[in-house]
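Here the structure comes first, spelled out in structure tokens, and everything after it is commentary.
The structure displayed is predicted, hence computed values, not measured ones. Convention: sequence-line order gives letters A, B, ...; per-chain numbering from 1.
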Amino acid sequence: MSDVGGARRRTAGRIVEVEAYVGPHDPASHAYGHRRTPRTEQMYGAPGTAYVYFTYGMHWCLNAVTEAEGYPAAVLIRALEPLAGLETMRRRRGARTPDRRLCAGPARLCEALAVTGALNGASLRRGALRVMRGSPRPGVVVVGPRVGITQGADWPLRFCLKGSLWLSR
DNA sequence: ACGCAGATTTTCT
DNA sequence: GAAAATCTGCGTT
């Protein structure tokens with residue numbers, strides 16, 4: 001990750017919580033019913049790119065675009081276990097945040113990693129913002145309902161690392 | 001510990 | 001006009 005226009009400082013963490021938004025038939029997706037607007041445009045982009053959107057008049061949220069170009073689907077990154085650049089994360093979020101909450105939530109993690117709309121459409125394979133492959137052993141990923149939505153709230157598309165101390169809420 | 005108002009953009013009704 | 005893939009600060013138990 002980097003501070004755009006400022007000192008580039010590496011921050012990194014292990015993804016411990018995500019939610020999937022699986023296509024135009026997903027009522028909770030921004031692209032439900034093939035909605036195609038300036039905001040949702042990036043959901044239709046190439047897989048392996050970032051979809052970063054602004055919400056609640058305040059917060060940025062980071063997604064990985066997951067399906068073929070033209071098919072709107074993405075995975076919302078909801079929480080990280082901070083692994084590197086903790087000092088930088090604390091500085092970006094301010095002294096107000098205890099370490100346990102630095103990246104516990106989609107908007108918190110964006111602030112800790114300096115992710116903003118400037119990174120919408122950026123590659124997640126190379127460049128300032130990267131998602132690395134992991135290999136969780138069978139049984140350590142637990143599934144549950146998605147958070148903060150009403151439409152399709154019961155779809156089991158939230159995935160967490162079991163027992164992680166770094167989950168949101 | 002819990003609950004709620006407030007921040008104020010994008011999108012749809 | 002209102003709800004939304006959220007979080008914070010301040011109030012009350």
Side-chain angles (χ1 to χ4, degrees), chain A residues 1 3-4 11 13-68 70-82 85-86 88-122 124 129 131 141-161 164-169:
Chain A
M1 302 307 161
D3 283 315
V4 175
T11 50
R14 178 192 201 190
I15 297 172
V16 297
E17 178 181 341
V18 299
E19 280 175 5
Y21 292 84
V22 295
H25 58 292
D26 181 347
S29 172
H30 291 162
Y32 181 47
H34 296 93
R35 218 151 50 225
R36 199 154 183 162
T37 66
R39 181 177 65 160
T40 64
E41 186 57 30
Q42 187 51 218
M43 284 194 83
Y44 296 80
T49 60
Y51 166 44
V52 184
Y53 68 89
F54 193 60
T55 193
Y56 290 101
M58 288 195 120
H59 301 302
W60 296 102
C61 292
L62 169 65
N63 296 249
V65 176
T66 50
E67 297 291 336
Y71 188 90
V75 169
L76 172 69
I77 314 298
R78 289 194 54 88
L80 302 180
E81 173 183 344
L86 280 274
T88 302
M89 294 183 186
R90 293 186 193 109
R91 175 172 52 75
R92 287 173 179 158
R93 287 207 38 86
R96 60 188 186 269
T97 311
D99 283 1
R100 288 281 274 276
R101 296 253 166 89
L102 277 177
C103 298
R108 290 196 186 107
L109 126 206
C110 280
E111 198 177 358
L113 302 193
V115 172
T116 69
L119 289 169
N120 191 41
L124 297 174
L129 181 59
V131 175
V141 176
V142 294
V143 184
R146 293 178 291 187
V147 173
I149 58 175
T150 54
Q151 302 301 111
D154 51 333
W155 295 25
L157 290 173
R158 181 184 187 217
F159 303 90
C160 298
L161 225 49
S164 172
L165 302 175
W166 308 95
L167 303 174
S168 67
R169 32 185 29 225

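- For Glu67(A), the side chain to side chain contact (heavy atoms under 4.5 Å, CB included) partners two or more places apart in sequence, or in a different chain, are Tyr71(A), Ala73(A).
- The side chain of Thr150(A) lies closest to dA4(C), out of dA4(C), dT8(C), dT6(C).
- Each salt bridge (Lys or Arg N to Asp or Glu O under 4.0 Å) pair with one or both residues in residues 47-56 of chain A, not counting sequence neighbours, would appear here, but there are none.
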Taking only nitrogen or oxygen atoms into account, show me every contact under 3.5 Å that the protein makes with nucleotides 10-13 of chain C, one pair per line with its distance.
none

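- Not counting sequence neighbours, the partners of Ala153(A) by the side chain to side chain contact (heavy atoms under 4.5 Å, CB included) test are Ile149(A).
- Listed by chain and number, the residues in a side chain to side chain donor-acceptor pair (under 3.5 Å) with Arg39(A) amount to none (sequence neighbours excluded).
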At under 4.0 Å between heavy atoms, which parts of nucleotides 7-13 of chain B does protein reach? Answer with one letter per nucleotide, 5' to 3': B base, S sugar-phosphate only, - none.
BSSSSS-
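- With sequence neighbours left out, the salt bridge (Lys or Arg N to Asp or Glu O under 4.0 Å) criterion links Arg169(A) to no other residue.
- With sequence neighbours excluded, the residues forming a side chain to side chain contact (heavy atoms under 4.5 Å, CB included) with Phe54(A) are Trp60(A), listed by chain and number.
- Note on Ala28(A): a base of the nucleic acid sits closer than 4.0 angstrom, heavy atoms only.
- Secondary-structure annotation of DNA chain C gives the stems B:1-7 with C:6-12, B:9-12 with C:1-4, with a stem taken as at least 3 successive Watson-Crick or G-U pairs whose two distances both fall under 3.5 Å.
- Residues satisfying the salt bridge (Lys or Arg N to Asp or Glu O under 4.0 Å) criterion with Glu81(A), sequence neighbours excluded, are Arg14(A).
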Detail all sub-3.5 Å separations between protein N/O atoms and N/O atoms belonging to nucleotides 2-5 of chain B.
none

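- Scored by the side chain to side chain contact (heavy atoms under 4.5 Å, CB included) test, Arg90(A) finds Leu86(A), Glu87(A), Asp99(A), Leu102(A) as partners (sequence neighbours excluded).
- Taking the C1' atoms as reference points, dG6(B) lies 16 Å from dA2(C), given to the whole Å.
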